[in-house]
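Positions are given from 1, in the same order as the sequence printed here.
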Amino acid sequence: MSVRVGRFERNRLRGLLGRRPRLRPRNRVAARLLALLAFLGPGLIAANAGNDAGGIATYASAGARYGYDLLWMMVLITVSLIVVQEMAARMGAVTGKGLAELIREQYGPRWSLVSTVSVLFANLGICISEFVGIGAALGLAGIPPQASVPIAAVVIWLLVVRGSYKIAEKVFVAMAIPFFAYPVAAVLAHPDWGAVGHAVVAPRIHLTGGYVVLFIATVGTTITPFMQLYLQSAVVERGLGPEDIPAERAEVATASIFANLVAAFIIIATGATLFIHGHRTVNSAADAAKALEPFAGRFAEALFAVGLLGASLLAAAILPVTAAYVIAEAFGFEKGISRRPREAPVFVGTLTVLVLVGAGVAMIPGIPAIRLLVYVQVVNGALLPVTLFFVWRLARSAELMGQHRNGRIFDLLAAVTVLATSALSLTLLGLTLTGKA
């Protein structure tokens, strides 16, 4: 199968492969591999950023409390994630504009303000949870959050403000490597693979408030609003156009499958250990890692912690950038990674405030980590329909997208995703109002 490579990727490949007119068979294989790797970027970063500290805590809680019973939903969520991510990437490539900018142009400043406030509210909460995750992961090595979190905040700020977009993107892609720790941790947990397979194809639903809330939290952390916003803006900043859609579509699908496999392995790891041995409550992300040691060994605990650190660092960098993109696009200000404060004061100021607040709150002693992490994902699940509605409506617009608008089947899948998440949000609201959440 051939991979279509766009302008940005062709330039990268020329530097890697040179301009030799002919390649030997072995070199052709290497060239194809490099072509595949060349377009890795926005899709992979966005999908893996969803497996952040809150996501890990939510998946660990799902496995500890219900074993493998929530694995079946990961299949459905993966399909929905691919659909949503593809629409966001396609819109960025076709229009050359971010989602917030399109909302402002197509629906007016009032709706743009609603979308912006929703994103800022959610992103601030998640940003705090990421720095909590950084402190929790390094806390397993005996480093207090008061030391680790400020250093991480400074490094992240320097990367997105002082570095170039290409350098930042390479660092973000490299941060996906620690996610491979979770499949290994799951194998070390020695799960019953027959039971795992049965849970995937045979749904087991619990009609309880706790199950529904955790279900919504899982949806909220797997299809997070900031993922679509970042992806579309990153595609625009990378300079991708309509000719790059096939390659970006392949990246989005591959990255979404990889990210949700990682999520499934977290559920499997905790389901095979904590749930089986009656340890049904996870009080922090660090506790989830520690709890693995008696059942899967010290190595599994270390792997879980490495994965948590990588995930938290990635999301802690992406979230402030996403919020800055949204504000700049919504009000027409200058934007872009590597922009200096004098060039893009609103963009840099927004991400600086989020980094400072996120790191500051995370250093508060005794902060209820797991409660914060999980409920932030519940908030994401409630706010998700707002973002998805605009993504769906804009991606199906013939006037805006032309020949690249949603096809009939694709549009149906998108509509079902929007309706399903809206129904979950209303369910969450009802449970909250009745005190059952």
Side-chain angles (χ1 to χ4, degrees), residues 1-17 19 31-32 34-47 81-106 164-170 172-173 227-256 318 321-322 324-326 328-330 332-339 344 347 387 390-407 410-411 414:
M1 179 181 72
S2 61
V3 177
R4 185 176 179 181
V5 181
R7 293 169 301 182
F8 184 88
E9 289 73 19
R10 284 196 294 270
N11 291 335
R12 293 174 67 180
L13 286 175
R14 289 192 185 106
L16 291 169
L17 302 175
R19 297 178 179 273
R32 290 179 180 178
L34 288 171
L36 181 65
L37 294 175
F39 68 78
L40 291 179
L44 180 67
I45 294 168
L81 179 60
I82 293 173
V83 169
V84 173
Q85 296 282 78
E86 194 278 340
M87 286 192 293
R90 178 160 36 92
M91 279 196 293
V94 172
T95 66
K97 299 176 181 179
L99 181 60
E101 186 175 358
L102 289 178
I103 293 173
R104 173 169 56 85
E105 291 180 355
Q106 298 294 317
S164 67
Y165 175 79
K166 290 184 179 180
I167 292 175
E169 184 181 74
K170 289 178 181 178
F172 293 157
V173 170
M227 295 163 62
Q228 287 75 55
L229 292 159
Y230 171 80
L231 175 57
Q232 186 165 337
S233 296
V235 165
V236 173
E237 185 158 350
R238 204 183 197 202
L240 302 184
E243 69 275 13
D244 300 302
I245 290 177
E248 190 58 31
R249 180 179 289 131
E251 186 209 8
V252 163
T254 303
S256 298
I318 296 301
V321 171
T322 303
Y325 273 137
V326 169
E329 290 168 2
F333 293 113
E334 193 66 36
K335 63 178 181 177
I337 293 177
S338 79
R339 296 280 181 157
F347 182 87
T387 301
F390 287 120
V391 170
W392 172 53
R393 292 290 297 177
L394 292 168
R396 72 195 303 264
S397 170
E399 179 182 354
L400 181 67
M401 299 294 292
Q403 63 178 339
H404 298 290
R405 67 184 183 277
N406 289 351
F410 198 93
D411 194 56

Search all heavy atoms of [X] against all heavy atoms of [Y] and return the closest pair with its distance.
X      : Y      : result
Val236 : Gly96  : CG1-O, 3.2 Å
Glu251 : Leu44  : OE2-N, 3.0 Å
Leu240 : Glu248 : CD1-OE1, 3.5 Å
Gly43  : Leu231 : N-CD1, 3.6 Å
Pro42  : Ala234 : CB-CB, 4.0 Å
Val235 : Ala93  : CG1-N, 3.6 Å

Determine whether a donor-acceptor pair (N or O, by modelled atom type, separation under 3.5 Å) exists between the side chain of [X] and the backbone of [Y].
X      : Y      : result
Arg396 : Arg393 : no
Arg104 : Glu329 : yes
Glu101 : Gly332 : no

If the plane angle is over 60° it's perpendicular, under 30° parallel, otherwise tilted; pick one for Phe172 and Tyr230.
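Answer is perpendicular, since the angle exceeds 60°.
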So CG of Leu229 and CD1 of Ile103: to nearest 0.5 Å the spacing works out to 7.0 Å
#### Entry: Reported NE2-to-CE distance for the pair His404 and Met91, which is rounded to 0.5 angstrom
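The CE atom of Met91 is 14.0 Å from NE2 of His404, to the nearest 0.5 Å.
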Considering only heavy atoms from C-beta outward, does the side chain of [X] approach that of [Y] to under 4.5 Å?
X      : Y      : answer
Thr387 : Val84  : no
Gln232 : Tyr325 : no
Gln228 : Met87  : no
Glu169 : Arg238 : yes
Trp392 : Asn406 : yes
Ser256 : Glu86  : no
Val94  : Leu400 : no

